[in-house]
Amino acid sequence: MFNAKAYSTASATSPLCSTTIARRDPTEDDVQIEILFCGICHSDLHMARNEWSSVMPTVYPCVPGHEIVGRVTKVGSAVTKFKAGDLAGVGCLVDSDGTCDACKAGLEQFCPNQTLTYGFPDRHLGGVTYGGYSESIVVDQRFVVSIPANLNLAATAPLLCAGITTYSPMKHWGVTAGKKVGIVGLGGLGHMGVKFAHALGAHTVVFTTSSNKVEDALRLGADEVVLSRDASAMQKHAGSFDFILDCVSADHDINAYINLLTRDGNMTLVGAPEKPLSLVSFGLIVGRRSVSGSPIGGLAETQEMLDFCGEHRITSEVEVIAMQQVNEAYERLLKADVKYRFSIDMASLKAE
Ligand SMILES: NC(=O)c1ccc[n+]([C@@H]2O[C@H](COP(=O)([O-])OP(=O)(O)OC[C@H]3O[C@@H](n4cnc5c(N)ncnc54)[C@H](OP(=O)(O)O)[C@@H]3O)[C@@H](O)[C@H]2O)c1
Ligand SMILES: [Zn+2]
Ligand SMILES: [Zn+2]
């Protein structure tokens with residue numbers, strides 16, 4: 001075992017603060033990574049504050065962070081995919097059983113025995129796993145992905161969660177040229193959704209509550225932007241969308257969007273608000289429409305997404321911050337005041 005600097009929170013109401021955690025010495029299958037950047041996902045905030053207590057109660061102390069990019073410093077003897085000096089990424093998953101139907105299909109995000117990057121039982125050290133708000137991490141090579149060399153690293157970190165979480169459902173629901181696609185909420189996930197929908201050739205419409213994001217949405221690839229609190233602007237799109245991706249982190253009216261779907265259209269929820277959403281059955285019945293959800297993506301698809309990003313030069317729009325600014329960043333995230341992802345420069349933590 002070795003010690004690593006990290007930021008953790010001790011309770012749902014405590015700020016994140018500096019601490020030291022134990023990391024395992026790499027086993028033969030492990031990759032040890034010096035973390036260079038870690039994105040701040042809204043899920044980090046939900047978890048730090050125990051907002052998902054009914055589904056996934058937070059175990060404290062909690063070290064969040066699952067949008068990790070860094071440099072490999074050491075590898076175990078059986079590691080073939082990486083060597084010291086390589087760039088590497090880690091997302092929301094660090095382990096799974098490898099034997100169930102989901103794992104065999106490369107869909108580790110559905111494995112009943114998966115281990116999330118933080119807050120899940122750690123089968124090596126006991127206790128729970130600790131995430132990317134840290135100077136290093138040790139992960140089984142199966143859960144480490146390669147980072148295209150041509151991308152800015154700070155702006156690549158958010159691809160590991162925000163990127164795959166928006167890419168995967170678009171591939172699943174067949175977003176291509178000729179389709180009309182809506183993205184609800186221009187935050188960390190939403191802005192990646194816009195970039196992917198545009199890159200896949202769809203007619204892309206952004207729904208936002210923030211009038212100051214309209215120009216950005218167009219610059220990021222939207223063909224149209226709708227202020228979602230303007231009922232008449234919403235009404236103009238009634239019955240016209242093939243697919244809508246809902247990336248909203250807080251309570252909101254999903255029925256307003258279901259009414260915009262075409263016959264057999266689908267709305268996928270990736271946003272995970274603390275409170276249940278209400279659903280009007282008729283919105284689904286009249287158009288045989290569907291609402292579904294989608295969690296992150298498997299490892300093969302995560303690598304596919306990163307390669308797609310390398311090819312299309314897609315990264316996240318980031319505001320790089322120091323680790324010490326994390327509490328302030330959380331408050332701004334709650335106000336939808338980030339353009340469009342915070343990326344923590346871990347040099348700031350090493351310097352502490
Ligand atoms: N399914 C998964 O696997 C997965 C993975 C990662 C994250 N998530 C979840 O996805 C959600 C979004 O994460 P994120 O990191 O993208 O969050 P974020 O950066 O905070 O973005 C959320 C966006 O939602 C909109 N919004 C916020 N409050 C709203 C309200 N009261 N009414 C309507 N719109 C509101 C805002 O967009 P506008 O300003 O444009 O309105 C905001 O920018 C979170 O719940 C997160 O936990 C799920
Ligand atoms: Zn996330
Ligand atoms: Zn499995």
Side-chain angles (χ1 to χ4, degrees), residues 38-49 51-52 55-56 64-68 91-93 95-118 131-132 142 157-169 183-194 206-214 216-217 220 222 225-229 245-254 256-257 268-275 277 292-299 316-317 319 329-342:
C38 183
I40 296 183
C41 179
H42 206 113
S43 303
D44 298 349
L45 189 154
H46 290 306
M47 279 298 282
R49 301 190 176 176
E51 290 175 356
W52 291 338
V55 197
M56 216 192 276
H66 56 210
E67 293 184 336
I68 298 166
C92 301
L93 292 166
D95 207 357
S96 73
D97 57 27
T99 56
C100 73
D101 287 349
C103 286
K104 283 187 194 150
L107 299 169
E108 296 87 353
Q109 73 271 37
F110 301 114
C111 177
N113 300 307
Q114 64 185 206
T115 303
L116 296 186
T117 303
Y118 60 86
R142 284 199 298 132
L159 300 179
L160 275 302
C161 176
I164 185 60
T165 301
T166 50
Y167 180 87
S168 181
I183 306 290
V184 187
L186 198 65
L189 265 57
H191 92 289
M192 290 313 307
V194 174
V206 167
F207 295 94
T208 180
T209 59
S210 307
S211 53
N212 65 352
K213 293 181 181 173
V214 172
D216 284 346
L220 295 170
V225 184
V226 176
L227 293 175
S228 51
R229 291 191 175 126
L245 189 68
D246 185 325
C247 306
V248 175
S249 54
D251 193 24
H252 62 294
D253 176 21
I254 57 168
Y257 297 101
T268 291
L269 309 178
V270 286
E274 178 178 7
K275 298 202 175 71
L277 300 164
S292 58
S294 185
I296 48 170
L299 270 295
S316 183
E317 309 288 302
E319 179 176 339
Y330 274 24
E331 292 314 309
R332 285 183 51 197
L333 199 56
L334 279 176
K335 291 187 262 176
D337 173 28
V338 47
K339 291 183 171 176
Y340 280 86
R341 198 57 141 187
F342 291 114

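Indexing begins at 1, ligand by ligand and atom by atom, following the structure's order. This chain uses plain numbering: 1 for the first residue, then up along the sequence.
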- Item | Subset of ligand 1 atoms that lie under 4.0 Å from at least one heavy atom of Cys161 | 5 (C), 6 (C)
- Derivation and outcome, side-chain hydrogen bond (donor to acceptor under 3.5 Å, both in side chains), residues His252 and Asp246: CA-CA 10 Å; His252 62 294; Asp246 185 325; 2.6 Å; yes
- Which is closest to atom 26 (N) of ligand 1 in terms of heavy atoms, Val248, Leu334, Leu333? Val248
- Thr209 neighbourhood, listing ligand 1 atoms whose heavy-atom distance to it stays under 4.0 Å: 33 (C), 34 (N), 38 (P), 39 (O), 40 (O), 41 (O)
- Message: Could you walk me through whether Leu269 and Leu277 satisfy the side-chain contact (heavy atoms from CB on, under 4.5 Å) test, starting with their C-alpha distance in whole Å, then the side-chain angles of each, then the deciding distance to 0.1 Å, before giving a yes or no?
- Response: CA-CA 11 Å; Leu269 309 178; Leu277 300 164; 4.2 Å; yes
- Message: With 2.8 Å as the threshold, which protein atoms of type N, O or S lie near the Zn ion (ligand 3)? Leave waters out.
- Response: Asp97 OD1, Cys100 SG, Cys103 SG, Cys111 SG
- Around atom 11 (C) of ligand 1, find the nearest protein heavy atom and jot down its residue, atom name and distance. Gly271 CA, 3.5 Å
- Message: With heavy-atom distances below 4.0 Å as the criterion, list the atoms of ligand 1 near Trp52.
- Response: 47 (O)
- Task: Name the option, out of Val338, Ile183, Ile296, that contains the heavy atom nearest to atom 3 (O) of ligand 1.
- Result: Ile296
- Query: Would you say Ala250 and ligand 1 have an N/O pair spaced under 3.5 Å apart?
  - Reply: no
- Task: Heavy atoms only: give me the nearest Ile296-Ser168 pair and the separation to one decimal.
- Result: O-CB, 3.4 Å
- Query: Any heavy atom of Val184 sitting closer than 4.0 Å to ligand 1?
  - Reply: no
- Donor-acceptor contact present, side-chain His191 to main-chain Leu220, <3.5 Å: no
- Closest non-hydrogen atom pair, Val214 against Val225: O-CG2, 3.8 Å
- Query: Going by the order shown, which atoms of ligand 1 are within less than 4.0 Å of some heavy atom of Lys213?
  - Reply: 37 (O), 38 (P), 39 (O), 40 (O), 43 (O)
- With a 4.0 Å cut-off on heavy atoms, is Ala162 touching ligand 1? no
- Who's the nearest protein heavy-atom neighbour of atom 18 (P) of ligand 1, and how far? His42 ND1, 3.7 Å
- Ignoring waters, protein N/O/S atoms under 2.8 Å from the Zn ion (ligand 2) are Cys41 SG, His66 NE2, Cys161 SG
- Flag Leu186 as yes when one of its N or O atoms lies below 3.5 Å from any N or O atom of ligand 1, and as no otherwise. yes
- Taking atom CG of Asp101 as the centre, report whether more than 12 heavy atoms of other residues, nucleotides or ligands fall under 6.0 Å from it. no
- Item | Where Thr99 and Cys103 come nearest, the two heavy atoms and their spacing | N-CB, 4.0 Å
- Query: Looking at CG of Leu186 and OH of Tyr340, how far apart are the two atoms once the value is rounded to the nearest 0.5 Å?
  - Reply: 4.5 Å
- Message: For the 3.5 Å polar cut-off, considering only N or O atoms, please tell me whether Phe207 and ligand 1 meet it.
- Response: no
- Do any heavy atoms of Gln109 fall under 4.0 Å from ligand 1? no
- What protein heavy atom is closest to atom 12 (C) of ligand 1, reported as residue, atom name and distance in Å? Cys247 O, 3.3 Å
- ligand 1 atoms in contact with Ala336 (distance to a heavy atom under 4.0 Å): 36 (C), 39 (O), 42 (C), 43 (O)
- Task: Side-chain contact test, heavy atoms from C-beta onward, threshold under 4.5 Å: evaluate it for Leu45 versus Glu51 and give yes or no.
- Result: yes
- Smallest heavy-atom separation, Glu67 atom then Cys161 atom, equals OE2-CB, 3.3 Å
- Locate the shortest heavy-atom distance separating Asp44 from Tyr118; write the atom from each residue and the value. OD1-OH, 2.7 Å
- Query: Non-hydrogen atoms of Phe342 versus ligand 1: any pair closer than 4.0 Å?
  - Reply: no
- Query: Can you find an N or O of Thr208 that's nearer than 3.5 Å to an N or O of ligand 1?
  - Reply: yes
- Where on Ser294 is there a heavy atom closer than 4.0 Å to ligand 1, on the side chain, on the backbone, on both, or on neither? backbone
- Message: Can you report which non-hydrogen protein atom sits closest to atom 2 (C) of ligand 1, along with the distance?
- Response: Thr165 CG2, 3.4 Å
- Note on the structure: Heavy-atom nearest pair, Leu227 first then Ser211, reads CD2-CA, 3.7 Å
- Task: Mind running side-chain contact (heavy atoms from CB on, under 4.5 Å) on Arg332 and Ile40 for me, showing each step along the way?
- Result: CA-CA 11 Å; Arg332 285 183 51 197; Ile40 296 183; over 6 Å; no
- Under 3.5 Å donor-acceptor, Thr117 side chain and Leu93 backbone: yes
- Identity and distance of the protein heavy atom lying nearest atom 21 (O) of ligand 1: Gly187 CA, 3.3 Å
- Do me a favour and list the nearest non-hydrogen protein atom to atom 32 (N) of ligand 1 with residue, atom name and distance? Asp251 O, 3.9 Å
- Query: When only distance counts, is Pro273 in polar contact with ligand 1, meaning an N/O pair under 3.5 Å?
  - Reply: no
- Task: May I ask you to check if ligand 1 and Ser210 share an N or O to N or O distance below 3.5 Å?
- Result: yes
- Going by atom types alone, do Thr268 and Ser292 pair a side-chain donor with an acceptor below 3.5 Å? yes
- Message: Closer than 3.5 angstrom, by distance alone: can the side chain of Gln114 be matched with the main-chain N or O of Glu108 as a donor-acceptor pair?
- Response: yes
- What's the spacing between Leu245 CG and Tyr257 OH if we round to 0.5 Å? 12.0 Å
- Heavy-atom nearest option to atom 46 (C) of ligand 1, drawn from Pro158, Cys92, Ser43: Ser43
- Counting both backbone and side chain atoms, is some N or O of Pro295 under 3.5 Å from an N or O of ligand 1? no
- Query: Is there a nitrogen or oxygen of Tyr340 sitting under 3.5 Å from a nitrogen or oxygen of ligand 1?
  - Reply: no
- Query: If you round to the nearest 0.5 Å, how far is CE of Met192 from OG of Ser316?
  - Reply: 5.5 Å
- Task: Kindly determine whether Ser249 and His46 satisfy side-chain contact (heavy atoms from CB on, under 4.5 Å), including the steps that lead there.
- Result: CA-CA 9 Å; Ser249 54; His46 290 306; 4.2 Å; yes
- Task: Could you find the nearest protein heavy atom to atom 9 (C) of ligand 1 and give me its residue, atom name and distance?
- Result: Val270 O, 3.5 Å
- Rounded to the nearest 0.5 Å, how far apart are CG of Leu160 and SG of Cys38? 9.0 Å
- Would you say ligand 1 has an N or O under 3.5 Å from any N or O of His46? yes
- Message: Show me which atoms of ligand 1 lie under 4.0 Å from any heavy atom of Gly185.
- Response: 37 (O), 40 (O)
- What's the shortest distance from atom 19 (O) of ligand 1 to any protein heavy atom, and which residue and atom give it? Gly188 N, 2.8 Å
- Any sub-3.5 Å donor-acceptor pair from Arg142's side-chain atoms to Ser96's backbone N or O? yes
